[in-house]
Amino acid sequence: MLKQRIITAAWLAPLTLIGLFGLQGGAFALFTALIVLLGAWEWTNLAGITCQRKRLSLVAAMAVLMLMMWLTGAAFAAWPLWLAALGWLVNLYWVTRYPNAGQQWQATSRRLLMGVWVLLPCWVGFNVLRDSGAIWLLFVLLLVWTADIGAYFAGRRWGKNKLAPKVSPGKSWEGVFGGLAATSLLALAFAIWQPVSVAGGIALIVIAAIVTLVSVLGDLLESMLKRYRDIKDSSQLLPGHGGVLDRIDSLTAAIPVFALFYLQVIHLQVSAL
């Protein structure tokens with residue numbers, strides 16, 4: 001398993017970095033669309049669909065919807081990001097109420113709808129942030145990775161109080177606080193580096209804290225769906241690493257929410273200078 005993880009990471013990491021930061025415009029949108037569509041393929045399984053033909057047809061429908069959004073300009077619009085913000089509030093309720101509120105989302109059609117407001121705005125968020133010049137895309141990626149690292153070490157050292165034991169028993173509140181501390185330092189460094197005002201720097205630290213918490217929710221949501229389906233990984237597309245969703249579950253929440261903050265707050269702070 002370790003050998004498989006190393007081999008997969010050896011080709012996956014550079015390919016991902018080249019795609020995210022070496023491409024732009026339509027090529028970047030296509031690259032990220034492929035990632036999201038692989039996630040959609042896995043989501044159909046999380047929704048309880050096992051027929052391969054039905055899964056392919058649903059992924060094709062998602063691809064058509066993404067193409068329509070690209071042609072109409074919705075791939076760079078704010079409204080899908082607002083949809084994501086509302087959707088993640090609903091997801092928060094379901095995760096915190098698991099399993100008591102399960103009857104509200106366990107129908108296959110509702111899990112599929114959940115996938116729409118999770119995956120489509122994530123793709124839009126990627127496009128919005130890449131269009132900004134990639135600095136803020138880099139920031140949110142570092143934010144999620146830093147949160148994971150901070151949570152891992154803080155959780156191992158001090159973790160006692162379970163965050164969501166019925167959803168993901170391994171996560172602790174101490175891990176969350178460790179992630180918040182790490183991302184606050186990252187946001188401070190970016191605020192010093194980028195041309196933002198003092199008020200903008202404070203806003204960036206607050207935004208980083210919110211997005212860090214949202215990224216944890218993204219992880220918990222997938223854990224909830226996998227627990228309900230009684231599966232360990234979303235798929236085996238990435239040998240040794242599980243599925244695509246297993247790698248981007250935090251990003252599906254963090255990317256659209258941060259992109260919304262970018263359009264509504266950060267972009268205005270930078271433009272004002």
Side-chain angles (χ1 to χ4, degrees), residues 1-43 46 59 66 118-119 121-156 168 170-171 175 178-179 182-183 185-187 189-190 193 208 211-212 214-216 218-223 226 232-259 262:
M1 181 63 71
L2 178 59
K3 181 179 180 180
Q4 285 184 329
R5 289 179 66 88
I6 294 174
I7 293 174
T8 301
W11 64 262
L12 183 63
L15 176 64
T16 301
L17 291 175
I18 291 172
L20 291 177
F21 299 105
L23 301 176
Q24 55 185 329
F28 176 84
L30 179 59
F31 176 77
T32 50
L34 291 175
I35 296 175
V36 170
L37 289 173
L38 288 174
W41 166 261
E42 296 173 348
W43 196 284
L46 294 179
V59 172
M66 295 169 84
V118 168
L119 295 174
C122 178
W123 178 62
V124 172
F126 269 119
N127 293 327
V128 168
L129 294 176
R130 184 64 182 89
D131 192 54
S132 73
I135 289 297
W136 295 108
L137 174 60
L138 174 64
F139 174 74
V140 71
L141 292 175
L142 290 175
L143 188 75
V144 171
W145 297 335
T146 301
D148 285 344
I149 294 171
Y152 175 77
F153 285 105
R156 286 197 63 182
S168 184
K171 289 183 171 54
T183 55
L185 293 175
L186 176 68
F190 255 76
W193 178 32
V211 175
T212 297
V214 170
S215 72
V216 175
D219 190 316
L220 291 174
L221 179 70
E222 196 207 359
S223 295
K226 290 192 296 186
K232 181 180 179 181
D233 298 315
S234 57
S235 77
Q236 295 299 324
L237 287 176
L238 305 175
H241 290 264
V244 172
L245 286 176
D246 296 321
R247 302 276 65 81
I248 68 168
D249 50 5
S250 297
L251 288 173
T252 59
I255 289 287
V257 172
F258 183 79
Y262 172 78

Visitor: When you measure from the side chain of D246 to the backbone of G243, do you find a donor-acceptor pair of N or O atoms at a distance under 3.5 Å?
Guide: yes

Visitor: Does the side chain of F28 reach to within under 4.5 Å of the side chain of L137, using non-hydrogen atoms?
Guide: yes

Visitor: Apply side-chain contact (heavy atoms from CB on, under 4.5 Å) to I18 and L23, showing your working.
Guide: CA-CA 7 Å; I18 291 172; L23 301 176; 5.6 Å; no

Visitor: Sequence neighbours excluded, which residues qualify as side chain to side chain contact (heavy atoms under 4.5 Å, CB included) partners of I35?
Guide: F31, V244, I248

Visitor: I'd like to know if the side chain of E42 and the backbone of L245 have a donor-acceptor N/O pair within less than 3.5 Å.
Guide: yes

Visitor: Do L37 and M66 come within less than 4.5 Å of each other through their side chains, counting heavy atoms only?
Guide: yes

Visitor: Between the main-chain N or O of S250 and the side-chain N or O of S215, is there a donor-acceptor pair closer than 3.5 Å?
Guide: no

Visitor: With side-chain contact (heavy atoms from CB on, under 4.5 Å) as the test, would you mind laying out the steps for L186 and F139 before giving the verdict?
Guide: CA-CA 9 Å; L186 176 68; F139 174 74; 4.1 Å; yes

Visitor: Pairs under 3.5 angstrom only: tabulate donor-acceptor contacts from the side chains of residues 142-149 to other protein residues two or more places apart or in another chain.
Guide:
unit_1 : atom_1 : unit_2 : atom_2 : d
T146   : OG1    : L142   : O      : 2.6

Visitor: Does any non-hydrogen side-chain atom of I135 lie less than 4.5 Å from one of F190?
Guide: yes

Visitor: Taking the side chain as everything from C-beta on, heavy atoms only, tell me whether L141 gets closer than 4.5 Å to L251.
Guide: yes

Visitor: Mind running side-chain contact (heavy atoms from CB on, under 4.5 Å) on V140 and Y262 for me, showing each step along the way?
Guide: CA-CA 10 Å; V140 71; Y262 172 78; over 6 Å; no

Visitor: Just do the ring pair (Phe, Tyr, Trp, His ring centres under 6.0 Å) check on F126 and W123 with the steps written out, would you?
Guide: CA-CA 5 Å; F126 269 119; W123 178 62; 9.8 Å; no

Visitor: My understanding is that only residues two or more places apart in sequence, or in another chain, count here; which of them pass salt bridge (Lys or Arg N to Asp or Glu O under 4.0 Å) with D249?
Guide: none

